[in-house]
Amino acid sequence: MMRSVGTLTRADLAEAINRKMGLSRSESLALVETILSRMSEAMEQGENVKISGFGTFLLRDKAQRIGRNPKTGVEVPITPRRVMTFRASQILKDRIAKG
Amino acid sequence: MIRSELLETLARDNPELRAEEVEQVLDIFFDEIAQRLAEGGRVELRGFGAFSTRERDARKGRNPRTGESVAVPAKRVPYFKPGKEMRERLNAE
């Protein structure tokens, strides 16, 4: 059985940057925020984001389809939309599979 | 956008940092996420999305070239769920 470890958040990422590089806590947190917003902006503009060694955030356009309200059974159209998926690199897959 | 482009953007955003420092920040960022997933943990970045891992049972696969049957062992695979804000931003008009 896998031991249970907690959830990593922005604060933990900032803490790692602070600890390993000696940048201030506030600067470390600002850097984490900037990384996330720059990646988000690129995707908002329709770009995939490819981080070698880690993985690729891929955008996919979904066509309209008919869904159903599970409670009432009434059919409703699900509008076309863009979704974001993540494809882990082989390196990341191997690292996770080994545990 | 590829890693080197993200790196350039961050360098421009942070002129007080040397190029090697920006590189190191990015390495730490992705390595911490990978490490937590390798430990079986979860990574939650509000608004962006959450990374977790899922168990895949062992199964019988086939070598696509030879058609030979091979045993694929059980393993843990990465999983990502985009955050609410991200889903909305991708569909904003």
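Below, chain A is the first sequence line, B the second, and so on; all start at residue 1. Computation of the quantities below employed the complete heavy-atom set of this structure, encompassing side-chain atoms and omitting hydrogens, waters and symmetry-equivalent molecules.
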| field | Trace of the side-chain contact (heavy atoms from CB on, under 4.5 Å) decision for A:Lys50 with B:Arg3 | value | CA-CA 6 Å; A:Lys50 185 173 180 174; B:Arg3 194 180 181 284; over 6 Å; no

Would you mind checking which part of [X] comes under 4.5 Å of any heavy atom in chain B, side chain (CB onward), backbone (N, CA, C, O), both or neither?
{"X": "A:Ala42", "result": "side chain"}
{"X": "A:Leu92", "result": "side chain"}
{"X": "A:Gln45", "result": "neither"}
{"X": "A:Val49", "result": "both"}

Contact summary for [X] and [Y], nearest pair of heavy atoms:
{"X": "B:Val25", "Y": "A:Leu31", "value": "CG2-CD1, 3.9 Å"}
{"X": "A:Ala16", "Y": "B:Ile28", "value": "CB-CG2, 3.9 Å"}
{"X": "B:Phe29", "Y": "A:Leu36", "value": "CZ-CD2, 3.8 Å"}

So what's closer than 4.5 Å to chain A heavy atoms on [X]: side chain, backbone, both or neither?
{"X": "B:Ile2", "answer": "both"}
{"X": "B:Leu10", "answer": "side chain"}
{"X": "B:Val77", "answer": "backbone"}

| Min side-chain heavy-atom separation A:Met43-B:Met86 under 4.5 Å |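 Result yes, sub-4.5 Å side-chain heavy-atom pair found.
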
| field | Any B:Leu17 side-chain heavy atom under 4.5 Å of A:Leu23 side chain | value |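 Yes; the side chains approach each other to less than 4.5 Å.
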
Verify the neighbour count for atom [atom1] of [X]: are there more than 12 heavy atoms of other residues, nucleotides or ligands below 6.0 Å?
{"X": "A:Arg19", "atom1": "CZ", "value": "yes"}
{"X": "B:Lys75", "atom1": "NZ", "value": "no"}
{"X": "A:Lys20", "atom1": "NZ", "value": "yes"}

Ignoring hydrogens and angles, tell me if any N or O in the side chain of [X] forms a donor-acceptor pair with the backbone of [Y] under 3.5 Å.
{"X": "A:Glu47", "Y": "B:Met1", "result": "yes"}
{"X": "B:Asn91", "Y": "A:Arg82", "result": "yes"}
{"X": "B:Arg76", "Y": "A:Lys93", "result": "no"}

| said: If hydrophobic clusters are built from ILVMFWY residues whose side chains come within less than 4.5 Å, do A:Leu13 and A:Leu29 share one? | reply: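 No, no single cluster joins them.
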
| query | In terms of hydrophobic clusters joined by side-chain contacts under 4.5 Å, are B:Tyr79 and A:Phe54 together? | reply |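 B:Tyr79 does not cluster with A:Phe54.
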
Counting heavy-atom pairs under 4.5 Å to chain A, which of [options] comes out on top?
{"options": "B:Arg56, B:Glu16, B:Glu85, B:Gln35", "value": "B:Gln35"}
{"options": "B:Asn14, B:Ile33, B:Val22", "value": "B:Ile33"}
{"options": "B:Arg42, B:Glu32, B:Glu21", "value": "B:Arg42"}

| After noting the C-alpha distance and the side-chain angles of B:Lys81 and A:Phe86, does the key distance pass the side-chain contact (heavy atoms from CB on, under 4.5 Å) rule? | CA-CA 8 Å; B:Lys81 185 177 191 294; A:Phe86 176 66; over 6 Å; no

| said: Just verifying a value: how many Å separate A:Thr9 OG1 and B:Glu44 CD, rounded to the nearest 0.5 Å? | reply: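 That separation rounds to 8.5 Å.
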
| field | Distance (rounded to the nearest 0.5 Å) between A:Glu41 CD and B:Thr9 OG1 | value |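 It is 9.0 Å, given to the nearest 0.5 Å.
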
| Test log, rule side-chain contact (heavy atoms from CB on, under 4.5 Å), inputs A:Met84 and B:Arg87 | CA-CA 7 Å; A:Met84 168 189 180; B:Arg87 292 200 304 269; over 6 Å; no

| A:Val83 and B:Leu90: side-chain contact (heavy atoms from CB on, under 4.5 Å), yes or no, with the steps? | CA-CA 7 Å; A:Val83 298; B:Leu90 294 178; 5.9 Å; no

| task | Please step through salt bridge (Lys or Arg N to Asp or Glu O under 4.0 Å) for the pair B:Glu5 and A:Arg38, ending with a clear verdict. | result | CA-CA 10 Å; B:Glu5 292 166 336; A:Arg38 288 306 192 186; over 6 Å; no

| task | Run the salt-bridge test on B:Glu39 and A:Arg95 with the 4.0 Å N-O cut-off and return the result as yes or no. | result |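 Looking at A:Arg95 together with B:Glu39, the answer is no, because their closest N to O distance does not fall below 4.0 Å.
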
| request: Specify whether A:Phe57 and B:Phe80 have parallel, tilted or perpendicular ring planes, treating 30° as the upper limit for parallel and 60° as the lower limit for perpendicular. | output: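 Ring orientation, 0 to 90° scale: perpendicular.
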
